[in-house]
Amino acid sequence: SNIGKYALLMNLTDRKLAGEAYWMWKRAGGSLDGFMDGLYYFNEDFDERQPDCKSVVYPGSTTILRNGFPREDETYMAIHVGNHGFDHYDRDIGAFLLYAKGVPLMMDFASMYQPNCWQSLWHNTLTWDVKEHTHKTPCPGRENGCFYTVNKLPWYDHQYEPHTLLDREADSQTKAADGYKELGGEMKAQAFSAEADYAQASMPLVEFTEWPWFDRQEADNPQAWGGFTEFRRQRLTRAYEWQRRYLFVKDADRQGPNYFLIADDLDGQAELAPQANFWCLADSQQITGDLVRWRGQYSVDLDLYVAWPKKPQIGSREWWHTNRGPAGADFKGGREYQIAAHVKNAPGNGGFTVVLYPRGRYEVQPTYTSSKDGKAITVTIGARTDQLFCSRQPLTAKVGGVEFDGTVGLAKLHPDYTALVLCAPGAIAAKGFAIQAEVPLSIRITGDGLVGTATGKGAATLTAPKAWAGRTLTLNGKPAGA
C-alpha cells in the first residue's frame with residue numbers, strides 16, 4: 001500500500017508523478033491495507049498514466065536493467081550498489097535480484113529479519129574467507145573450547161558450533177560518514193541500447209568483520225550472535241577496488257535469449273579467499289563441471305556457466321523460511337525456498353566471470369565455451385552465436401570470426417542479422433562490418449539496413465562491405481550525422 005500513499009501525497013505537488021505511482025499501485029493489486037483505506041477517499045482525482053520505465057541508474061541507490069516493460073513477461077535485474085540507507089541494509093552491496101520472462105527467479109530473501117538472512121552469504125554477491133566445518137558439530141560446552149568462549153565473545157545459546165565468514169566493513173581509519181558512503185560503492189559506467197545494457201560498479205575492499213553463522217540444518221535462523229556483539233575486524237595490507245560488471249544481452253523477443261554476464265575483478269587482491277553466491281528460486285539443482293542448472297519454481301529454468309575460475313569448485317546450499325511478511329507474500333508451498341551455487345576461488349586467482357541464462361522450457365538449450373582467461377565467452381543458441389568480451393584492462397581477441405579490441409562488448413551472429421555492440425570505447429568487427437568508437441555504440445545489420453544507438457558524444461566510425469555503399473545508418477532514431 002505504500003506506493004498508493006505516495007501517490008496520494010505527491011498528487012498535491014506533482015500530478016504527473018502521482019499519476020504514474022497510481023498506475024503502479026493499481027497493477028500491484030491496489031492494496032488498501034493500513035491507512036490507505038481512509039486516505040484513498042480523500043482524493044480520487046488522479047491523472048493515471050503509465051510510467052516510462054526503462055533501464056536506469058539511480059545514483060547512490062538502485063540500478064535497473066530491463067527489457068519488455070510494461071509487458072508481464074518482461075525480464076529485469078535490480079542491483080543494489082550505493083550508499084542510500086547505509087544505516088539500514090544487509091551485507092548485500094553488489095547483489096541483485098532477477099525476474100525473467102515474467103517470473104521471479106533469483107531473489108533477496110524476504111524474511112523481514114525473521115529469520116535474519118543478513119550476511120552476504122544469503123545474497124547474490126561476494127563473501128570472503130568462508131570457513132565451514134562439519135555440519136551439526138555439537139557445542140563442546142562453555143568451558144571446553146566453545147567458539148564464543150575461545151573468541152571471548154558474549155555468550156549465545158546454541159546447540160551446534162557456528163561457521164564463520166568475513167564481510168566488508170566501513171574503513172575505520174576515515175570519517176565515519178565517509179567510510180559508510182564508500183562502503184556502499186557506486187556505479188562508475190553505464191550504457192543502454194536495444195541490443196544490450198551495461199553497468200559497472202566499484203566497491204572498496206579495506207576492512208572486514210568475522211561473523212558466525214548457522215546453516216539451515218543447524219538452526220531456523222542463520223544469525224549466530226546476540227545484540228551489540230563486537231567481532232574481530234581484519235584490515236587488508238592495502239585498499240583494493242572490487243569492480244563488478246553487469247552485462248544484459250537483450251532480444252526483441254521477450255521469450256527469447258535475454259541473459260546476463262556478471263564479472264568480478266578484485267584488483268589483484270590476494271589476502272582473502274572470495275566466494276560468489278548465486279541463489280535461485282528453484283525446485284532442484286544439477287552441478288556438472290563448470291555448469292549449474294536449476295529447475296525453476298515457475299516455468300523458467302536457469303543456467304549458470306562459470307567462465308572463470310577454470311575447473312571451479314562449486315558448492316550447494318538450500319535455505320527457506322515461511323515468514324510472509326506484512327505484504328502476505330504468496331510463496332510456493334507456503335515457504336520461500338532457494339538453492340544456492342557457491343563458486344569458490346583462491347586468494348590471488350582473480351575474481352569471477354559467469355553467464356546467467358534464464359530459459360523457458362520451450363527454448364533451445366544453449367551451449368557455452370570460453371577462452372583460457374575467461375574473458376571471451378561463446379554462447380551458442382540454435383542458429384545464433386554470441387561472442388561476449390569482458391575485461392577490466394583492454395583486451396585484444398579474435399574468436400569465432402569476431403575481432404575485438406576494448407574492455408566490454410559483444411557480437412550476435414545470426415543468419416538473418418548481425419549485431420555489434422561496444423559497451424565502452426573500443427572496436428569490434430564481424431562479417432565484413434566494423435565499428436570503432438570513443439563512446440558506447442551498437443548497430444544491427446539486417447537485409448533492410450543499419451540501425452544503431454550511441455551513448456554520449458565522441459568520434460565513431462563504421463566500416464561496411466562495398467555492397468553496402470550508399471546505405472544510411474539510422475543512429476538514435478535519426479540518419480547518422482544529422
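None of the values given here were measured: they were computed from a predicted structure. One-based numbering along the sequence shown.
- Here the closest non-hydrogen pair linking Arg238 and Asp267 is NH2-O, 3.2 Å.
- To the nearest 0.5 Å, atoms CD (Gln223) and CH2 (Trp211) are separated by 8.5 Å.
- Between Asp303 and Arg359, at least one side-chain nitrogen of the basic residue sits less than 4.0 Å from a carboxylate oxygen of the acidic one, meeting the salt-bridge criterion.
- Remark: Tyr357 pairs with Tyr259 by the ring-ring contact (aromatic ring centres under 6.0 Å, His included) rule, at least two apart or across chains.
- With contacts defined as side-chain heavy-atom distances shorter than 4.5 Å, the pair Leu121/Arg317 qualifies.
- With hydrogens and angles disregarded, a donor-acceptor distance shorter than 3.5 Å links the side chain of Gln285 to the backbone of Ala340.
- Between Glu186 and Lys188 there is a salt bridge, with a side-chain nitrogen of the basic residue lying less than 4.0 Å from a carboxylate oxygen of the acidic one.
- We find that Asp301 and Arg293 are not joined by a salt bridge, their nearest charged nitrogen and carboxylate oxygen being 4.0 Å or further apart.
- We find that Asp73 and Lys101 are not joined by a salt bridge, their nearest charged nitrogen and carboxylate oxygen being 4.0 Å or further apart.
- Between the Ser391 side chain and the Pro394 main chain, no donor and acceptor come within less than 3.5 Å of each other.
- The pair Asp171-Arg235 meets the salt-bridge criterion, with a side-chain N (NZ, NE, NH1 or NH2) lying under 4.0 Å from an Asp/Glu carboxylate O.
- Here the closest heavy-atom approach between residue Ser120 and residue Asn277 is recorded as O-ND2, 3.2 Å.
- Considering all non-hydrogen atoms of both residues, Leu105 and Val300 come closest at CD1-O, 3.4 Å.
- With respect to Asp251 and Arg384, a salt bridge is recorded, a charged nitrogen being found less than 4.0 Å from a carboxylate O.
- Other residues, nucleotides and ligands contribute over 12 non-hydrogen atoms within 6.0 Å of the CD atom of Gln217.
- Remark: Asn258 CG to Thr75 OG1 distance equals 5.0 Å, nearest 0.5 Å.
- Relative ring orientation between Trp155 and Tyr148 is described as perpendicular, the plane-to-plane angle rising above 60° on a 0-90° scale split at 30° and 60°.
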Apply side-chain hydrogen bond (donor to acceptor under 3.5 Å, both in side chains) to the pair Lys332 and Gln297, showing each step before the final yes or no.
-> CA-CA 8 Å; Lys332 181 178 180 180; Gln297 294 180 9; 5.5 Å; no

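- Between His163 and Trp213, the ring planes lie tilted relative to each other; the angle falls in the 30° to 60° range.
- In plain terms, the two heavy atoms of Ala110 and Glu336 that are nearest each other are N-OE1, 2.9 Å.
- In this structure, Tyr337 and Trp320 have tilted ring planes: the angle between them lies in the 30° to 60° band.
- Using the six-membered ring where Trp is involved, Phe248 and Phe260 have ring planes that are parallel, under 30° apart on the 30 and 60° scheme.
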Please assess Phe208 against Trp128 for the test ring-ring contact (aromatic ring centres under 6.0 Å, His included), listing each intermediate value before the final yes or no.
-> CA-CA 9 Å; Phe208 294 77; Trp128 311 83; 5.6 Å; yes

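- When all heavy atoms are compared, the tightest approach of Val399 to Ala376 is CG2-CB, 4.0 Å.
- Annotation: ring-ring contact (aromatic ring centres under 6.0 Å, His included) contacts involving residues 282-317, sequence neighbours excluded, comprise Tyr305-Tyr368.
- Side chain of Arg324 to main chain of Thr322: no donor-acceptor pair is present (N/O by atom type, distance under 3.5 Å, no hydrogens or angles).
- Remark: Phe69 CZ to Cys53 SG distance equals 4.0 Å, nearest 0.5 Å.
- In this structure, CG on Leu272 lies 4.5 Å from CG on Asp129, to the nearest 0.5 angstrom.
- Side-chain N/O atoms of Ser202 and Gln243 include no donor and acceptor closer than 3.5 Å.
- Distance alone, capped at 3.5 Å, is enough to place a donor-acceptor pair between the Asn124 side chain and the Trp279 backbone.
- For the atom pair Ile377 CD1 and Thr353 OG1, the distance stands at 6.0 Å (nearest 0.5 Å).
- Residues satisfying the ring-ring contact (aromatic ring centres under 6.0 Å, His included) test with Phe147, not counting sequence neighbours, are none.
- Under 4.0 Å is where a charged nitrogen must lie from a carboxylate oxygen, and between Glu207 and Arg168 no such pair does.
- Contact annotation: the side chain of Glu241 approaches that of Arg392 to within less than 4.5 Å [non-hydrogen atoms, C-beta and beyond].
- Tyr417 carries Arg444 over the face of its six-membered ring, with the cationic atom under 6.0 Å from the centre and within 45° of the normal.
- Minimum interatomic distance between Gly184 and Ile93 (heavy atoms only, all atoms of both residues): O-CG2, 3.4 Å.
- Residue Gln365 qualifies as enclosed at atom CD: its count of foreign heavy atoms under 6.0 Å is above 12.
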